[in-house]
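As the structure is a computational prediction, the values presented were derived from the model and not from experiment. Atoms considered below: every heavy atom in the structure, side chains included; atoms not considered: hydrogens, waters and symmetry mates.
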Amino acid sequence: MSLFRKKSPTPEEQAFQSAISEQFDRPDDAEDDDEDDAVEPATVIDIDDDGITRLDFGALKVPGVDGMEVRAELDDQQQVVGVAVMLDETVLQLQAFAAPKSEGLWDEVRQEIAEGIRGGQGKAREVDGPFGRELHAEVPVPTESGGEGRQPVRFIGRDGARWFLRGVVTGAGVNDAARAQGVESVFGGVRVERGTHAAPPRDPLPLSLPDDASLDSESDGVDDPSEA
C-alpha cells in the first residue's frame, strides 16, 4: 500500500471534475449549535474493535487493503480536499461533508448530481447498489485528439450522524461488478469523524495527511512549494 500526493490536475482531469461536481451552497442560517472542537492530529490508527487498520485523513478514516494505492487530492493552496483509492484498475474518490441533524443528504445530492450531468449533455440513471440507491452516469470529457468522449462513472453515498460520505467510482469497476468489490469494501469500511465543531450542512469536513504514511513521490510526484 502506498500513499502519494497528486500534482496539479491536467486539463482533462479539470474538465472531468468540473462535469461531475455539484455546487454546495451554504445557507446562512444553517449553522450547527455545537461548540468548536480541535481536529485530532493525523496518524495511522485502528478504529473501533474490528481490527482493521485505517489511514487517518482527519475526518476520513480509510481502511488499508493490500495492493491499493491512496492519493491525497490537493487544491491550489495544497490543502487536502479529497482522498482517492486505487485498486484493481478502479478508482474510488472520497469526500465527507457536514449534514443536518434531522435528515440525510444523499437523496437530495444524488438528484442534484443527475440534473447537473444531464444539463451538461451527459447521461445519468439511478439504480440499486450495495449501499442503496446510487447513480450511474456517462460524463462528456475531452479526448486527446481534441474531440469529445464519454467517461462512465458511479456515484455512491452514505448518510451518517450529521455527516455525509460521497464516493465517485471510475475505471474498470464502473461496469464490472467483480472488479468493483475491492473499492466497495473500502467504501463500506470508511469511518467518518464528524467532530463537534459547528459547520453548515454540505460544508466539506476538514482533511489532512497521515503523519505515519510514506509519500511515494515517484507515482505522481509531490508539488514543490517553491514552483510558481
query: What pairs of residues pass the ring-ring contact (aromatic ring centres under 6.0 Å, His included) test when at least one of them lies in residues 71-94, not counting sequence neighbours?
result: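 Output for this query is empty, none listed.
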- request: Determine which pairs satisfy ring-ring contact (aromatic ring centres under 6.0 Å, His included) with at least one residue from residues 169-195, sequence neighbours left out, and list them in order.
  value: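 Of all non-adjacent pairs touching residues 169-195, those that pass ring-ring contact (aromatic ring centres under 6.0 Å, His included) are F131-F187.
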Taking the side chain as every heavy atom from C-beta outward, state whether [X] and [Y] have any pair of such atoms under 4.5 Å apart.
X    : Y    : value
F57  : P210 : yes
P152 : T170 : no
V153 : V169 : no

Determine the minimum heavy-atom distance between [X] and [Y], stating which atoms define it.
X    : Y    : value
G129 : E134 : CA-OE1, 3.5 Å
G189 : R54  : O-NE, 2.8 Å
Q95  : V81  : NE2-O, 3.2 Å
R150 : P140 : NH1-CG, 4.1 Å
A114 : L135 : N-CD2, 3.7 Å
I113 : R166 : CD1-CD, 4.2 Å

Any chance you could measure [X], atom [atom1], to [Y], atom [atom2], to the nearest 0.5 Å?
X    : Y    : atom1 : atom2 : answer
I156 : L92  : CD1   : CG    : 5.5 Å
Q93  : F155 : CD    : CZ    : 9.0 Å
L94  : L207 : CG    : CG    : 9.5 Å
F97  : R194 : CZ    : CZ    : 13.0 Å
D203 : H197 : CG    : NE2   : 7.5 Å
R158 : F164 : CZ    : CZ    : 10.5 Å

field: Donor-acceptor contact present, side-chain R179 to main-chain A172, <3.5 Å
entry: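 Checking the backbone N and O of A172 against the side chain of R179, no donor-acceptor pair under 3.5 Å is found.
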message: Whether the side chain of D88 engages the backbone of T90 through a donor-acceptor N/O pair (distance < 3.5 Å, no angle test) should be reported.
response: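 It does not hold such a pair.
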Side-chain donor/acceptor pairs under 3.5 Å, residues 116-124, sequence neighbours excluded:
{"from": "R118", "atom 1": "NE", "to": "A124", "atom 2": "O", "distance (Å)": "3.4"}
{"from": "R118", "atom 1": "NH2", "to": "A124", "atom 2": "O", "distance (Å)": "2.7"}

- request: Could you walk me through whether D159 and L105 pass the side-chain contact (heavy atoms from CB on, under 4.5 Å) test, one step at a time?
  value: CA-CA 7 Å; D159 288 309; L105 286 176; 4.1 Å; yes
E73 bridged to R71 by N-O distance under 4.0 Å: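 Yes.
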Of V186, V83, V65, the residue whose pairing with V70 passes side chain to side chain contact (heavy atoms under 4.5 Å, CB included):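 Among the candidates, only V83 passes.
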query: Partners of R110 by side chain to side chain donor-acceptor pair (under 3.5 Å), sequence neighbours excluded?
result: D107, E126
message: Please enumerate all residues that pass ring-ring contact (aromatic ring centres under 6.0 Å, His included) together with W163, with sequence neighbours excluded.
response: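 So W163 forms no ring-ring contact (aromatic ring centres under 6.0 Å, His included) with any residue.
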- prompt: So which pairs with a foot in residues 180-190 pass salt bridge (charged side-chain N to carboxylate O under 4.0 Å, His left out), sequence neighbours left out?
  reply: R154-E184
